[in-house]
Amino acid sequence: MSRLWYPVRKFFGNMFGRPLAAATSLLSLLLLFLLFDLVWISAQTVDAHFRQLLSTLEMELFFAEDLPDSTVTLIRETVLTLDGVKNIDYTSKEAARQRLQDLMGTDLLEGFDDNPLPRSLTITFWDNYLGSEQLQQFKGRIERISGISEIYYPRGWLEKTEVTLSWVSRIVLFLGIVIFLTVALHIIHAIRLSVRVHEEEIRQMRLLGAGKLFLSLPYMFEGKFYALAASVAGWAIVHYGQYRYSFQSFEVVLPPLTDIVYFCIIAAAVGFLGGYLGARRPL
Amino acid sequence: MSRLWYPVRKFFGNMFGRPLAAATSLLSLLLLFLLFDLVWISAQTVDAHFRQLLSTLEMELFFAEDLPDSTVTLIRETVLTLDGVKNIDYTSKEAARQRLQDLMGTDLLEGFDDNPLPRSLTITFWDNYLGSEQLQQFKGRIERISGISEIYYPRGWLEKTEVTLSWVSRIVLFLGIVIFLTVALHIIHAIRLSVRVHEEEIRQMRLLGAGKLFLSLPYMFEGKFYALAASVAGWAIVHYGQYRYSFQSFEVVLPPLTDIVYFCIIAAAVGFLGGYLGARRPL
Amino acid sequence: MDKQNTAVELVDIKLSNDAGACLFEGLNLSLAQGETAIIIGPTGVGKTSLVELLCGCRRQDAGTVIIFGQPVKIGNGHTLTAVRRKIGGVGGIFKLISYQTVYENLLAPLIICGERPSVQKTRVNQVLMDFRLQSKKCDKARELSRGQQILVMLARAIIADQPLLIIDEPLAGLDAAMAGEVLELLRRFSVAGHTMVILSTGRTGLEIPNAKVLYIKDGILQ
Amino acid sequence: MDKQNTAVELVDIKLSNDAGACLFEGLNLSLAQGETAIIIGPTGVGKTSLVELLCGCRRQDAGTVIIFGQPVKIGNGHTLTAVRRKIGGVGGIFKLISYQTVYENLLAPLIICGERPSVQKTRVNQVLMDFRLQSKKCDKARELSRGQQILVMLARAIIADQPLLIIDEPLAGLDAAMAGEVLELLRRFSVAGHTMVILSTGRTGLEIPNAKVLYIKDGILQ
Ligand SMILES: Nc1ncnc2c1ncn2[C@@H]1O[C@H](COP(=O)(O)OP(=O)(O)OP(=O)(O)O)[C@@H](O)[C@H]1O
Ligand SMILES: Nc1ncnc2c1ncn2[C@@H]1O[C@H](COP(=O)(O)OP(=O)(O)OP(=O)(O)O)[C@@H](O)[C@H]1O
Ligand SMILES: [Mg+2]
Ligand SMILES: [Mg+2]
């Protein structure tokens, strides 16, 4: 066994020498990572759901009765050039009447001489412009255009949604940190146990002149292995679960694969570090 | 130190002899319990939210145009005696017109000779009757009453909500089991570490004639202590958090205190058992 | 010999080591209460293995081990603990708990046999005085030199009036003065009526009156 | 003495134990390469403590420890490991790794000094043959008798050509035959040019030609 191979062999020896301990370590880390994955997925799903709802948000802009059609056209073109505007739909008096008729089943305005419904513009926005502040500013800007009688958008709903989203992200961040801390502590614990089991060996190897890094490498590998295997297995289970069970009632949004890969790499690094910290003390 | 006191003293000695290990064990268990608590609270909150929405569910029942008012009254009284019905509101043709007028701003029906809007009943139900199956049965029963032209209730929404609720409870159950398993494994791990540290002592005490139970009791106490302290601290943090931060956007529903107490007792039992399992092997 | 007075009885013991080589075959030993046996054998002959059999730490391939009338059998938890409480051990598999103090080490047998705390305290202090270990009372066991450790083990072996003492290699690594001291203690134990099994590689220096001297040879005691 | 040829040098060592009692004060020792020192002292005088100082396992209160020209200091990781690789130890703080086989125990120094695997194998097998331990090659260290353990430790102490051997109580608990064998090995090591520090409670039987015999008395070597 050469000096380079020793830590690797030792690592395998330690794992297979105590299969039960290794299995329980792996299992509980797997469970923790599964929790993390589920929290992450929930966050993504909720987020996607809300973003999808948000993307249907429209602002309605009603014109004054006495505004000439030419001015309406002008305003329409001006608004279309404004920042963040994705699309504009013009609703004429007749279109509004038709829409009401479709809605109510009969033409309720049959008796009227004049059509009382106003002309309006329906504005939709680009996704990154759908903040309550930005829309408020936008409203402020077009309010100053004379001839616009009323501007409506679901401001209350938007603000509520934003608060919810920020709470979701805060809670997810908190949970994520909590779970990751637990993972790190757990790895340190598992490694400490492994180190304790091999304490006698470590002490004698130190006396024979082995370096600290040399002796702690197997345990760092062990930590890395636990974290990496558990995190990969966690995602595998999640993907299998999603493939097995079709969720009719809502669409589950998994994080993109690159994020998952990064996550597993970070987990492995945490495992490596945890192994280092766990092995450090008794040396 | 008498034989009865020994396990207790030993337990304290073990804890204070390795304060760092005890602290990390406690901390990671605390984090796990906190996760459990948060999952539980989320479930309660979501559940309460949906139940509140459900409780506003109404069924609308429209009468045929040619039905005499006396029959309408009769039907109304019959329906009121049916199982599950909490309240009934009668909407006459005039009331319907008034309501439409309130909605639209002007009396759209001014031009009509006859009021085309039908008479209707709005039925609300007791909470335990608000299942999609029960309402479907209810609808089937009153459909057979002649003179009722249409029955409407948000069936699609109700079913969707029920599926969501069942998913929430399934996920919460799954997460709960996952977290509790992790807790148990973690305790076993922590105890195994503690036992390993005192292996020399345990071996010599065995040689001197100490019994297995006698020697494992301190570790069982240790497991119980970890679990109990961590679960109680978890709930304390949750309560403090709820007291500190007021959630304007939604109401957080904590489980009742008796449930929390039961939970902590169960946690302690799991800790005791985990301690037993962790201490068993090396004896 | 009267069964009632038999302290240690080994009948037809057979034992092999892990490699399958036979250590003992048809080994017999009978020791009356108060008797002392000095068992001599070169290194590797199985002296410590014999101690393991007496304490129920290792399973014989055949034969029976009986201590004070009770059969020693691995797995029979209750009689095993009862038997072990009657045994005081020094050296070999018996070690001090290295991270505990001398006081705590001496306390262990008293705690295990359920002595009252006040009795424990006076007993430990008395024994510490007897063995002239008062100054080491609060030292950790691992910080003692070997000679001091053997003294503490001897003290632990009789602190709860254990009737049977098993002493593995009592004089190894001791200087002449300390060896004399230990020997004097062993003689005192013998006079006090303790049954003793002493295992050693050589006879030199082990002069204990009325002791049976036995040699392990060809797997039996001669 | 020529600095270059000095293997071990202790200068004005002062050491107290935890209780504050002084073990050494102004202790000096200088050992040329290839020289053997037999250090005699009764139990508890601090022989094992001296070994701990030589290996950098314990911090002296004052003075310097120099091994092959390198100062031994706790905390100075790099020189400490370099120094330790030159030391082969037997007994006292040096123990076998109980749950590893004899083969694995002998491999350890070779792995640490970075020997090539093929060389490792031949070297271990050669040493096993030299020490007549072939039959024990795959036995766990804890299953060996004390005599066999000492043999394995001696083999481990020279397997990587460690120039300095520290041997704590070499003959303790060995029968006459085994003691003779060990002594013969020590003489061979001495002839082969190893520097040796041998610590023992008594002189008896430790006849090594050209050995300096020193006594620990009143905290110094005489
Ligand atoms: N736990 C064990 N399992 C299997 N074999 C063992 C065990 N312990 C020792 N042996 C084997 O039994 C033989 C005798 O070992 P033991 O330690 O009993 O000798 P000993 O007479 O006490 O020697 P020493 O005087 O050197 O202590 C050895 O060859 C060893 O291989
Ligand atoms: N790690 C330590 N820390 C503090 N004091 C110690 C330590 N190890 C030993 N001592 C003290 O140093 C003294 C000498 O112990 P040491 O083990 O060096 O003696 P020794 O000469 O090797 O004896 P023996 O021949 O019995 O092995 C003892 O009285 C002990 O109290
Ligand atoms: Mg032995
Ligand atoms: Mg010593």
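Residue numbers start from 1 in every chain, and the chains themselves are labelled A, B, ... in the order their sequence lines are given, proteins ahead of strands.
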Intermediate values then yes/no, side-chain contact (heavy atoms from CB on, under 4.5 Å), B:R203 and C:K95: CA-CA 10 Å; B:R203 195 174 300 146; C:K95 287 170 186 132; over 6 Å; no
Part of C:S118 within contact of chain B (heavy atom distance under 4.5 Å): neither
Options C:C55, C:C57, C:G89, C:S98, ranked by heavy-atom pairs under 4.5 Å with chain B, top entry: C:S98
Atom CD of B:Q52 with >12 non-hydrogen neighbours under 6.0 angstrom: no
Interface moiety of C:Q162 toward chain B, non-hydrogen atoms closer than 4.5 Å: neither
Approximate separation, where rounding is to 0.5 Å, of C:H78 NE2 and B:K212 NZ: 14.0 Å
Interatomic distance, B:F214 atom CZ to C:T81 atom OG1 [nearest 0.5 angstrom]: 11.5 Å
Interatomic spacing from CD in B:Q204 to CG in C:N105 - rounded to 0.5 Å: 8.5 Å
More than 12 heavy atoms of other groups within 6.0 Å of C:Q134 CD: yes
C:K140 atom NZ, over 12 foreign heavy atoms within 6.0 Å: no
Residues, nucleotides or ligands: over 12 heavy atoms within 6.0 Å of B:Y276 OH: no
C:R85 side chain vs B:G209 backbone, donor-acceptor pair below 3.5 Å: yes
Part of C:I93 lying under 4.5 Å from any heavy atom of chain B: both
C:R84 side chain vs B:A210 backbone, donor-acceptor pair below 3.5 Å: no
From OH (C:Y99) to NE2 (B:H198), nearest 0.5 Å: 5.0 Å
Residues, nucleotides or ligands: over 12 heavy atoms within 6.0 Å of C:R132 CZ: no
Region of B:E201 that comes under 4.5 Å of a non-hydrogen atom in chain C: both
